[in-house]
Amino acid sequence: MDKALDLRRMIHRSRNVVFFTGAGISTESGIPDFRSPGGIWTKMAPIQFQDFLNSEDMRRETWRRKFATDKTLLTAKPNEGHYAIERLISAGKASVVITQNIDNLHQDSGIPEEKVIELHGNGTFASCLTCGTRYELENIKQRFLSDNQLPICKFCGGLIKTATISFGQAMPLEPVKRAEEAASHCDLFICIGSSLVVHPAAQIPLIAKDNGATLVILNREATALDEYADLIINDEIGEILPAAIAT
Ligand code: NAD
């Protein structure tokens with residue numbers, strides 16, 4: 001808990017905190033991360049974007065997996081970690097949360113949409129890869145499960161995919177630019193629940209560091225960027241974060 005106190009002091013001294021979150025912040029909400037024992041990738045390999053585009057079988061497999069795991073994502077609720085971040089943002093102490101997560105739990109915790117920067121999209125809805133039209137998952141799910149139908153855009157005939165960024169898919173330019181700007185202008189950058197191995201997202205903490213921010217990493221285990229951190233806390237998010245923001 002001494003480290004929670006260190007973090008609390010750092011937050012107190014800071015004028016602009018930026019948070020950067022990964023799958024680890026949502027495990028306490030019941031959503032498994034990718035790399036922990038029992039995580040998603042210990043069970044199945046990810047499907048590459050090119051395979052989704054090129055193969056009907058892969059598109060079918062993508063939707064099959066989506067609907068097999070959908071309930072966990074759609075019924076999850078924010079936990080103490082999400083609410084701790086929300087409190088610092090609503091108090092004006094932190095400007096934004098940059099997230100690799102696709103679960104919408106930062107928005108569900110009450111953080112306004114414009115203060116959540118999603119680097120890897122959002123898995124709670126789908127969109128057309130050609131014209132960007134938004135589609136709700138429930139309609140797609142019904143047709144897929146009852147008639148085995150793959151979704152196609154009713155406006156342009158494009159392929160519909162969950163609004164997430166797959167491996168091999170280009171990162172969305174606007175959120176990346178906003179994340180880089182936020183990272184360059186903060187004085188305290190706090191990474192939470194990420195192994196920090198997924199690039200280019202994992203470059204963003206280094207932008208903050210290069211621009212003079214203090215870098216904190218809160219994660220149960222070692223991360224790929226530990227050598228750059230000013231404070232490393234290897235502990236549970238749900239214990240440390242609420243303690244670090246307590247007044
Ligand atoms: P990751 O699985 O690579 O790393 C998660 C890290 O969080 C691990 O190092 C783990 O030890 C740590 N962790 C888990 N629970 C914790 C807890 N309660 N307290 C402290 N530490 C904890 O995840 P990543 O770095 O975010 O990268 C994986 C990619 O997977 C991301 O791009 C993300 O888009 C995607 N993803 C998202 C979700 C989600 O939206 N909730 C879930 C799984 C994967």
Side-chain angles (χ1 to χ4, degrees), residues 1 3-4 7 19-49 62 65-66 68-85 97-109 111 116-125 137 161-172 175-176 179 189-206 216-226 229 231-244:
M1 278 296 175
K3 289 201 169 178
L7 179 57
F19 286 100
F20 179 91
T21 60
I25 196 167
S26 296
T27 56
E28 290 168 36
S29 294
I31 304 175
D33 62 14
F34 274 174
R35 293 181 182 77
S36 289
I40 296 167
W41 285 346
T42 59
K43 299 190 178 114
M44 53 194 169
I47 293 172
Q48 299 288 318
F49 185 55
T62 304
R65 284 184 190 184
K66 172 71 185 159
T69 55
D70 208 27
K71 195 154 173 254
T72 315
L73 186 75
L74 298 182
T75 56
K77 299 273 181 282
N79 62 53
E80 282 306 310
H82 295 103
Y83 287 120
I85 294 177
V97 54
I98 302 165
T99 189
Q100 301 170 86
N101 293 347
I102 52 135
D103 55 28
N104 211 60
L105 291 183
H106 287 302
Q107 291 93 326
D108 291 345
S109 76
I111 301 175
V116 182
I117 303 177
E118 292 175 320
L119 295 177
H120 296 158
N122 191 307
T124 63
F125 60 95
L137 293 174
K161 179 180 165 294
T162 52
T164 50
I165 306 300
S166 299
F167 278 88
Q169 186 173 2
M171 294 276 282
V176 171
F189 192 92
I190 308 178
C191 302
I192 299 174
S194 174
S195 54
L196 300 172
V197 295
V198 178
H199 286 268
Q203 247 104 44
I204 291 169
L206 297 179
V216 175
I217 295 178
L218 165 55
N219 202 58
R220 191 185 278 155
E221 57 194 2
T223 78
L225 298 187
D226 281 2
L231 175 67
I232 298 170
I233 309 178
N234 291 135
D235 211 327
E236 293 301 302
I237 297 161
E239 283 176 30
I240 296 294
L241 213 46

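In listed order, ligands and their atoms are each counted from 1. Numbering of residues begins at 1 and proceeds along the displayed sequence.
- Note: an N/O pair closer than 3.5 Å links Ile102 and ligand 1 by distance alone.
- Each of the atoms 14 (C), 15 (N), 16 (C), 17 (C), 18 (N) of ligand 1 lies under 4.0 Å from some heavy atom of Thr27.
- Of all atoms in ligand 1, listed by their number and element, those nearer than 4.0 Å to a heavy atom of Gly193 are 5 (C), 6 (C), 7 (O).
- Among the atoms of Ala23, some N or O lies under 3.5 angstrom from an N or O of ligand 1.
- Classified by interplanar angle (parallel below 30°, tilted 30° to 60°, perpendicular above 60°), the ring pair His82/His106 is perpendicular.
- Scanning for side chain to side chain contact (heavy atoms under 4.5 Å, CB included) contacts around Tyr83 gives Pro78, Arg87, Ser109, with sequence neighbours left out.
- The N/O atoms of Ile237, backbone and side chain alike, include one that comes under 3.5 Å of an N/O atom in ligand 1.
- In Asn101, the parts holding a heavy atom less than 4.0 Å from any atom of ligand 1 are both the side chain and the backbone.
- Interface of Gly22 with ligand 1, defined as ligand atoms under 4.0 Å from a residue heavy atom, comprises 26 (O).
- Near Pro32, the atoms of ligand 1 lying under 4.0 angstrom from a non-hydrogen atom of the residue are 42 (C), 43 (C).
- At a threshold of 4.5 Å between non-hydrogen side-chain atoms, the residues Ile102 and Thr162 do not count as touching.
- Proximity of His120 to ligand 1, defined as any heavy-atom pair under 4.0 Å, is confined to the side chain (atoms from C-beta onward).
- Contacts between Ser26 and ligand 1 below 4.0 angstrom, taking non-hydrogen atoms only, involve the side chain exclusively.
- Comparing heavy-atom distances from atom 33 (C) of ligand 1 across Gln100, Glu28, Glu118 singles out Gln100 as nearest.
- The line from CD of Glu118 to OG1 of Thr21 is 9.5 Å long, rounded to the nearest 0.5 Å.
- Of all the listed residues (His106, Glu239, Arg220), Arg220 holds the heavy atom that lies closest to atom 17 (C) of ligand 1.
- Nearest heavy-atom pair, Leu119 versus Ala179, reported as atom, atom and distance to 0.1 Å: CD2-CB, 3.9 Å.
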From CA spacing to verdict: side chain to side chain contact (heavy atoms under 4.5 Å, CB included), Gln169, Gln48: CA-CA 8 Å; Gln169 186 173 2; Gln48 299 288 318; over 6 Å; no
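- Residue Ile31 approaches ligand 1 through these ligand atoms, each under 4.0 Å from one of its heavy atoms: 41 (N).
- Paired with Asp70 under the rule side chain to side chain contact (heavy atoms under 4.5 Å, CB included), one option of Leu137, Thr75, Thr124 passes, and it is Leu137.
- Here is the list of ligand 1 atoms found below 4.0 Å of a heavy atom in Asp235: 19 (N), 20 (C).
- Note that CD1 of Ile204 and CG of Leu225 are 11.0 Å apart. Values are rounded to the nearest 0.5 Å.
- Panel note: side chain Thr99, backbone Asn101; a donor-acceptor pair is recorded below 3.5 Å.
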